[in-house]
Amino acid sequence: MLIRTHTCGQLRETDIGATVRLNGWVNSYRDHGRLLFIDVRDRFGVTQLVFDPDGGISAEQKVVADRLRNEDVVAIEGKVRRRESVNPKLATGVIEVLVTNLVVLSKTENPPFLPDDLDKLPAEEFRMAHRYIDLRRPAMQKMLATRHKLYQVTRRYFDENGFLEIETPILYKSTPEGAREFLVPSRHVPGTFYALPQSPQLFKQILMVAGCDRYMQICRCFRDEDPRADRQAEFTQIDLEMAFVRRDQVMEMMEGFVRRLWREMTGFEVPPMRRMPFREAMEDYGIDRPDTRYDLKIKDISEFAATVDFGVFKTALEKGKDRPRFNSKRGVVKAIRVPGGAEKLTRKLTDGYTEFVKGFGAGGVAVVKVVKGEDGSPKLDTGIAKFLEPRKAEFLALMGCEIGDTVLFVADVYAIATKCMGELRQKVARDMGVVPKPGAEGGPWNFLWVVDFPMFEKNKETGKWVAMHHPFTSPRDDQMQAFLDANEEDDDVIESIVSAGYDIVLNGQEIAGGSVRIHDRAVQSKVFKLLGLTPEQAKEKFSFLLEALSFGAPPHAGVAFGLDRLVMNFLGTDNIRDVIAFPKTLTGADLMTKAPSHVPANQLKDVHVASIIPPAAT
RNA sequence: GGGGCGGUAGCUCAAUUGGUUAGAGUACCGGACUGUCGAUCCGGUGGUUGCGGGUUCGAGUCCCGUCCGCCUCGCCA
């Protein structure tokens with residue numbers, strides 16, 4: 001074949017006169033009879049070829065050229081010359097190649113679709129089934145290049161900071177807490193199974209005990225739970241761990257990474273990141289990953305609401321009134337002041353909010369508008385105005401209301417009211433049009449740390465304690481003694497213990513999370529006990545960890561970044577499948593390879609597995 | 001597991017209340033054309049309306065079931 005001398009994005013004015021060879025795909029053809037133009041494409045760009053019987057191409061080859069169609073693969077030789085008319089859309093648009101020799105390397109069937117970004121894209125289902133064509137699109141090539149660059153910046157930064165890149169096993173021990181695991185049957189030991197790792201959490205801690213000091217890995221993780229637009233069952237993490245550090249050293253290292261990453265990927269200089277306690281996030285934003293690009297803060301007005309003669313408030317506030325503040329079952333009234341809402345939040349929208357919060361367990365949303373009265377002063381209107389009227393001045397002052405505002409209320413127990421308000425705040429922000437464009441489209445990049453998470457929370461169904469982050473997260477240093485001293489039966493104390501965990505939140509999205517780990521066997525044992533694991537169960541599941549911790553474990557801490565979400569941010573997409581070369585559907589199918597698939601009976605027999613699904617039914 | 005949206009030519013879409021032979025653009029095939037660049041012009045092929053039932057004189061359209069895709073709640077230590 002004619003091996004290329006240049007890529008299809010390379011030739012410039014300075015190459016005019018040179019004899020070159022190009023390889024690539026036919027991107028489009030424009031047949032003028034005697035004269036034929038072909039745009040040839042590779043991942044580097046597009047170059048125009050000209051086939052002219054007066055220009056050195058043989059009559060036989062011209063006939064072959066006339067038969068070229070989109071996505072045929074060709075090799076050509078020819079002479080670079082200046083175009084008669086420049087195409088400013090192409091980087092190579094000043095020149096063209098007058099072809100003297102053509103070899104068709106691969107003739108294509110009529111392709112199911114053409115890989116251009118100009119027309120409306122085919123259905124995603126179809127793009128995934130023919131991924132080899134979809135990935136030819138310039139936008140997808142850009143995605144692959146962006147991911148690649150992210151890998152390189154990541155490896156460079158952590159290498160410079162003394163991290164070792166170490167691979168950990170994919171065939172791993174089942175530790176069935178948290179997410180459902182993918183299982184792999186063992187051939188050697190009938191009836192036993194590996195699991196695919198939800199993350200390399202325990203291996204990286206073991207590596208710290210093993211004296212590796214600093215570890216990093218760009219690793220695949222597997223969680224057999226239902227995906228979402230921004231979630232795949234199989235996804236990639238930038239996984240890290242450091243020894244001989246506490247919280248601040250890790251956070252500093254991570255912040256440095258984020259700063260480097262954004263500088264190199266986007267040119268944006270990330271300012272010092274504020275640290276927001278979990279409690280503040282929940283109080284002001286109703287969520288542990290607040291989007292601080294817009295205000296619309298939530299206000300707890302329980303105290304004021306108690307003075308209002310409104311049944312819904314009174315009923316809510318009666319609930320769990322003897323419980324401590326922030327207790328999930330204590331009744332509260334929360335409000336959001338929406339500047340300009342009186343006009344924009346129509347009755348239809350606010351009625352919709354009631355339906356919306358019902359989905360999260362609340363009874364509804366109460367509404368009041370602040371309008372201009374006849375004397376020009378603020379007047380309460382619609383909704384629950386008549387109940388608030390007697391305490392109007394106090395209410396307006398409390399909420400800081402101005403004419404034109406709408407105030408939305410939810411009254412329920414703390415957990416529900418907080419969740420509803422957090423979700424409602426985001427919905428209202430969208431309805432009001434105050435959510436900025438994504439960072440990749442010129443909007444702000446808004447980073448913050450969320451810290452001081454509770455160590456434990458109660459599972460709603462079982463009533464048992466579960467680790468909020470994971471069971472290897474240490475209490476915050478100043479909480480350690482309180483944790484060791486705590487009576488396991490004392491829920492209020494257990495609930496109050498704060499962990500040494502930390503998340504990085506970007507524009508309301510968690511992009512990284514980590515914690516200082518427990519490096520003391522006694523502390524780890526106490527956590528397992530609180531989580532309801534007997535010493536025997538703990539040993540069965542985590543003996544290797546407990547042993548490791550008992551043979552000289554350095555203090556250590558780490559973090560994991562969601563790599564796919566980082567790429568989504570850099571490309572400005574909200575679809576995770578757009579940043580993965582070979583993604584899966586919501587049911588875990590690979591539409592190109594048709595995985596998962598049935599396997600022959602003998603293959604099942606080899607691994608000692610029998611299907612309970614009758615062959616006829618499948 | 002629950003809720004919602006969608007599935008019509010290779011692809012993107014249309015088809016009035018249930019009513020004639022299911023159309024258009026594009027791709028593809030044939031033809032014309034020496035400067036185009038999403039070439040243009042002329043002509044043509046192409047349909048199990050996802051699948052299976054049902055209602056009806058008549059179903060792309062209505063009903064039931066099912067499969068697939070997407071969005072979402074639960075779930076995701």
Side-chain angles (χ1 to χ4, degrees), chain A residues 27-40 46-55 66-67 69-71 81-90 92-93 96 98 108-130 133-134 175-181 198-199 201-202 221-233 235 355-356 358-361 419 423 453 455-457 459-461 464-473 499 501 510 513 515 527 531 560 562 574-577 583-589 591 594:
Chain A
N27 199 51
S28 66
Y29 60 95
R30 296 175 290 282
D31 187 350
H32 289 250
R34 268 180 79 73
L35 199 61
L36 170 67
F37 298 97
I38 300 257
D39 288 348
V40 64
V46 171
T47 300
Q48 173 166 290
L49 311 178
V50 188
F51 293 81
D52 184 342
D54 302 331
D66 285 340
R67 298 297 311 152
R69 291 296 178 267
N70 293 329
E71 302 309 308
R81 68 179 189 187
R82 186 179 302 276
R83 283 178 179 230
E84 289 191 13
S85 57
V86 168
N87 183 350
K89 289 184 203 165
L90 296 182
T92 60
E96 64 192 7
L98 181 65
T108 181
E109 299 286 317
N110 185 20
F113 62 98
L114 294 178
D116 62 52
D117 295 322
L118 302 166
D119 285 317
K120 197 174 177 201
L121 289 177
E124 196 179 3
E125 188 175 356
F126 203 68
R127 289 171 47 208
M128 286 195 280
H130 303 278
I133 291 176
D134 196 40
T175 56
E177 273 87 33
R180 188 180 300 113
E181 297 170 320
Q198 299 173 36
S199 84
Q201 179 61 34
L202 293 173
C221 302
F222 306 87
R223 295 177 190 175
D224 191 7
E225 300 289 351
D226 288 357
R228 284 286 188 284
D230 62 349
R231 237 164 53 188
Q232 284 260 299
F235 63 102
E355 289 311 305
F356 181 70
K358 276 180 180 169
F360 301 102
K419 168 84 174 164
E423 298 294 334
F453 295 89
M455 283 280 285
F456 305 100
E457 58 186 343
N459 181 300
K460 274 169 274 178
E461 285 153 27
K464 286 183 179 174
W465 289 114
V466 292
M468 192 158 195
H469 185 49
H470 57 53
F472 319 107
T473 299
S499 84
E510 184 195 325
S515 63
V527 170
L531 297 178
D574 50 14
N575 180 350
I576 195 170
R577 294 177 299 276
K584 291 183 173 61
T585 69
L586 291 179
T587 54
L591 297 177
K594 307 241 169 58

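Chain A is the first sequence line, chain B the second, and so forth, proteins listed ahead of strands; every chain is numbered from 1.
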*Nearest heavy-atom pair of S499(A) and M455(A): which atoms, and what distance?*
CB-SD, 3.4 Å
_Under 4.0 Å, heavy atoms only, any strand: does F113(A) hit a base, just the sugar-phosphate, or nothing?_
nothing
*Kindly say if T587(A) contacts the phosphate of G69(B), meaning a side-chain N or O under 4.0 Å from OP1 or OP2.*
yes
*Would you indicate, yes or no, if C71(B) has its OP1 or OP2 atom less than 4.0 angstrom from a side-chain nitrogen or oxygen of R577(A)?*
yes
*Counting just side-chain N and O atoms, does R30(A) come under 4.0 Å of either OP1 or OP2 of A39(B)?*
yes
*asked:* For the CG atom of L114(A) and the CG atom of N27(A), what is their distance to the nearest 0.5 Å?
replied: 8.5 Å
*Exceeds 12 heavy-atom contacts within 6.0 angstrom, atom CG of D574(A)*: no
_Side chain R231(A) and base C76(B) donor-acceptor under 3.5 Å_ = yes
*Counting Watson-Crick and G-U wobble pairs only, both distances under 3.5 Å, name the nucleotide matched with C75(B), or none.*
none
*Counting any heavy atom closer than 4.0 Å, what does D54(A) reach on the DNA or RNA strands: base, sugar-phosphate only, or nothing?*
base
*Under the salt bridge (charged side-chain N to carboxylate O under 4.0 Å, His left out) criterion, do E124(A) and R127(A) qualify, and how do the steps go?*
CA-CA 5 Å; E124(A) 196 179 3; R127(A) 289 171 47 208; 5.1 Å; no
*CG of D39(A) versus P of G35(B): gap in Å, rounded?*
16 Å
_5'-most by nearest nucleotide on RNA chain B - S199(A) or L586(A)_ = L586(A)
*Considering only heavy atoms and no angle criterion, is a donor-acceptor pair shorter than 3.5 Å present between the side chain of S85(A) and the base of C37(B)?*
yes
_Phosphate-side-chain proximity, K89(A) and C37(B), N/O vs OP1/OP2 below 4.0 Å_ = no
*Would you indicate what E423(A) reaches in the nucleic acid, counting non-hydrogen atoms under 4.0 angstrom: base, sugar-phosphate, or nothing?*
nothing
*Could you tell me whether the side chain of R228(A) has a donor or acceptor atom within less than 3.5 Å of a complementary atom in the base of G74(B)?*
yes
*CZ-CZ distance between R223(A) and R180(A), expressed to the nearest 0.5 angstrom*: 13.5 Å
*Would you please classify the geometry between the H130(A) ring and the F113(A) ring as parallel, tilted or perpendicular, with 30° and 60° separating the classes?*
perpendicular
_I'd like to know if E84(A) reaches the base of U36(B) with its side chain such that a donor and an acceptor end up less than 3.5 angstrom apart._
no
_If I pick the C1' atom on A15(B) and the same atom on G47(B), what distance separates them, to the nearest angstrom?_
14 Å
*Gap in Å between the two P atoms, one belonging to C67(B) and one to G43(B), rounded*: 47 Å
*asked:* Over all strands shown, is A233(A) touching base, sugar-phosphate only, or nothing at heavy-atom distances under 4.0 angstrom?
replied: nothing
*Sugar-phosphate only, base, or nothing, as touched by P122(A) at under 4.0 Å among non-hydrogen atoms*: sugar-phosphate
*Could you run through nucleotides 28-33 of chain B and give me one letter per nucleotide, 5' to 3': B if any protein heavy atom sits under 4.0 Å from the base, S if only the sugar-phosphate is that close, - if neither?*
SSS--B
*Counting any heavy atom closer than 4.0 Å, what does R81(A) reach on the DNA or RNA strands: base, sugar-phosphate only, or nothing?*
base
*asked:* Using atom C1' in both nucleotides, what's the gap between U12(B) and G46(B) to the nearest angstrom?
replied: 16 Å
_Counting only side-chain nitrogens and oxygens, does S28(A) get under 4.0 Å of the OP1 or OP2 atom of A39(B)?_
yes
*Mind checking who G25(B) pairs with, Watson-Crick or G-U wobble, both distances under 3.5 Å?*
C11(B)
*asked:* With salt bridge (charged side-chain N to carboxylate O under 4.0 Å, His left out) as the rule and sequence neighbours excluded, what pairs involving residues 108-118 of chain A come up?
replied: D117(A)-R137(A)
*Name the nucleic acid region contacted by F126(A), choosing base, sugar-phosphate or nothing; use a 4.0 angstrom heavy-atom cut-off, strictly under.*
sugar-phosphate
*Under 30°, 30 to 60°, or over 60°: which ring-plane class applies to F360(A) and F356(A), parallel, tilted or perpendicular?*
perpendicular
_Residue closer to the 5' end of RNA chain B, N87(A) versus A229(A) (nearest nucleotide)_ = N87(A)
*Establish whether the base of G6(B) is bridged to the side chain of E124(A) by a donor-acceptor pair shorter than 3.5 Å.*
no
*asked:* Of the listed nucleotides (C76(B), C73(B), G35(B)), which one gets closest to any side-chain atom of F37(A)?
replied: G35(B)
